Protein chains: 2
Amino acid sequence: MPKETFYNLKDDKKQKIFAAAVQEFSSSRFNEASINQIIKHAEISRGSFYQYFNDKEDIYLYMISEIGKEKLAVINEARRLEPDADFFQAFLHMTETALTWAKAMPQYNEIGMRMAVDDSEFIMKLRALSPEGTNQLKEMITRDQQRGLIKATIDADLVIEMILTMMLHLLIGYYRTGKYEEMFTRAKVIIDIIKNGIAASEEG
Amino acid sequence: MPKETFYNLKDDKKQKIFAAAVQEFSSSRFNEASINQIIKHAEISRGSFYQYFNDKEDIYLYMISEIGKEKLAVINEARRLEPDADFFQAFLHMTETALTWAKAMPQYNEIGMRMAVDDSEFIMKLRALSPEGTNQLKEMITRDQQRGLIKATIDADLVIEMILTMMLHLLIGYYRTGKYEEMFTRAKVIIDIIKNGIAASEEG
DNA sequence: CTGTCATGTGACATACTTGTCATATTAGGA
DNA sequence: TCCTAATATGACAAGTATGTCACATGACAG
């Protein structure tokens with residue numbers, strides 16, 4: 001929650017500060033990110049910073065919530081398609097969305113990557129608060145179990161965990177190599193491997 | 001490569017310094033680890049530290065190589081068993097070894113965890129140098145493909161990537177929750193999911 | 001024009017870091 | 001015992017960081 005003084009600023013100045021925060025938090029983890037760098041790039045004084053925000057946590061939360069708004073729009077757009085797709089199609093689509101997002105917004109993606117591997121107290125707490133969009137996936141698996149597409153004995157939570165782990169791994173791979181096509185191909189193969197393990201086709 | 005003055009020290013003093021390094025590097029990533037903390041716990045002076053080691057990288061490499069020696073012994077012990085096991089049995093056994101190791105040596109495990117998610121220049125370089133024990137796994141998959149236990153079309157490298165990713169994920173899970181049995185159970189389920197995807201039983 | 005209040009500023013205190021170096025201590029051979 | 005060479009020490013310089021605060025500037029109402 002930035003202070004009122006921040007919200008009173010002109011939009012382009014707010015934007016500049018936001019951009020400076022993105023720049024800093026996309027190149028350093030929370031603990032290592034420096035307010036000095038932020039104010040330098042935003043071209044504001046140290047005093048001003050503390051007139052806008054309480055501390056580093058404050059501007060981080062602000063930045064995350066701003067990014068979240070943008071992200072939500074993209075995700076909702078993606079979800080509107082294919083309402084009847086099975087879990088595998090949906091997940092592949094989701095992966096594609098995530099990769100596209102990562103490609104389009106490399107800095108935002110980088111922030112997410114850093115957050116995923118951050119073990120500072122603040123980020124740990126923050127992660128614990130946001131439950132991810134996991135419910136929707138679980139519903140899909142349950143539905144596909146009822147439709148007879150996925151084995152009834154499968155532990156949905158574990159499958160989701162597997163799949164999100166692999167997706168994060170792919171994102172990190174993309175982030176490190178920049179090879180979008182390759183990561184997408186891999187995603188398809190990984191889903192195929194998981195599918196032929198959890199699909200009910202043979203055993204039931 | 002610590003300096004000669006370090007190797008000239010009595011064993012218990014060397015041991016104390018090693019323990020202080022383990023303590024510090026198991027609770028902080030490389031960049032955040034503090035030499036001040038190490039010398040405090042080792043009860044040596046700042047000057048002495050720089051008489052023993054060139055810098056932080058130096059003591060880190062020393063510590064890692066010492067741990068590596070211990071680890072190698074454990075791994076070799078584990079590999080001696082079941083020479084004819086298939087890939088899945090072998091991998092499960094490997095996971096068990098890793099989890100046991102993590103349980104027995106929590107600090108070493110923590111160091112490994114931190115190293116896995118460290119993106120400092122030094123650790124990135126270090127990771128790139130050590131190629132992991134991935135060859136052995138690949139040989140097993142190839143052999144099992146020839147034995148007809150695994151689909152011939154499967155990309156061994158990708159499977160190894162998947163499996164190591166999931167194993168790391170489980171290790172991190174164990175590290176965070178301390179629930180050894182649960183992680184081992186999950187490992188079995190994960191392997192089962194991957195197996196019924198890559199086993200040649202139905203399609204291959 | 002002036003008074004008031006919001007906003008901008010950078011020097012400062014404080015606390016941390018690493019690596020150096022002059023000096024003190026210790027140990028072992030002659 | 002005494003001398004020398006190895007080793008131990010902590011003050012220090014130079015750098016980083018955060019958060020505060022007295023003061024400067026700007027804007028706007030009367």
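Keep in mind it's a predicted model, so treat the numbers as computed, not measured. The sequence lines fix the lettering, A, B, ..., with proteins before strands; numbering per chain opens at 1.
To the nearest angstrom, C1' of C:dT17 lies 9 Å from NZ of B:Lys56. Here D:dA6 presents its C1' atom at 11 Å from OH of B:Tyr52, a figure rounded to the nearest Å. Distance B:Ile59 CD1 to C:dT17 C1': 16 Å, rounded to the nearest Å. B:Ile44 has its CD1 atom 22 Å from the P atom of C:dA24, to the nearest Å. Note: NZ (A:Lys3) to P (C:dG8) measures 12 Å, nearest angstrom. Between B:Leu9 atom CG and C:dA27 atom P there is a gap of 13 Å when expressed in whole angstrom units. In this structure, the NZ atom of A:Lys10 is 19 Å from the P atom of C:dA6, given to the nearest Å. In this structure, B:Asn31 atom CG and D:dT16 atom P are separated by 15 Å, rounded to whole Å.
Side-chain contact check for A:Ile35 versus A:Tyr50: some heavy-atom pair is nearer than 4.5 Å.
Side-chain proximity of B:Ser34 to the nucleotides C:dA11, C:dT17, D:dA11 is greatest for C:dT17. With distances taken from any side-chain atom of A:Lys13 to the nucleotides C:dG8, C:dT18, D:dA8, the minimum falls on C:dG8. Residue A:Ser45 has its side chain nearest to C:dG8 when only C:dG8, D:dT9, D:dG19 are considered. In the set D:dA11, D:dG19, C:dG8, D:dA11 carries the atom at the smallest distance from any side-chain atom of B:Arg46. Distances were taken from every side-chain heavy atom of A:Gln51 (C-beta onward) to each of D:dA8, C:dT20, C:dT7; the shortest belongs to C:dT7.
B:Thr100 and B:Tyr180 share a donor-acceptor pair across their side chains, judged by distance under 3.5 Å alone.
With a 6.0 Å cutoff to the six-membered ring centre and a 45° limit on the axis angle, B:Lys103 does not count as a cation-pi contact of B:Tyr174.
Counting non-hydrogen atoms under 4.0 angstrom, B:Ile39 reaches nothing in the nucleic acid. Residue A:Asn8 is classed as a sugar-phosphate contact, given heavy-atom separations below 4.0 Å to backbone atoms only.
Salt-bridge annotation for B:Lys125 and B:Glu121: absent, with no side-chain N of the basic residue lying under 4.0 Å from a carboxylate O of the acidic one.
For B:Glu43 and A:Glu32, each mapped to the nucleotide of DNA chain D holding its nearest heavy atom, the one lying further toward the 5' end belongs to B:Glu43.
A close approach under 4.0 Å does not occur between any side-chain nitrogen or oxygen of B:Ser48 and OP1 or OP2 of D:dT7. A:Tyr50 has no side-chain polar atom (N or O) that falls below the 4.0 Å cut-off from OP1 or OP2 of D:dT20.
Remark: the backbone N or O of A:Leu158 is not paired with any side-chain donor or acceptor of B:Arg186 at under 3.5 angstrom.
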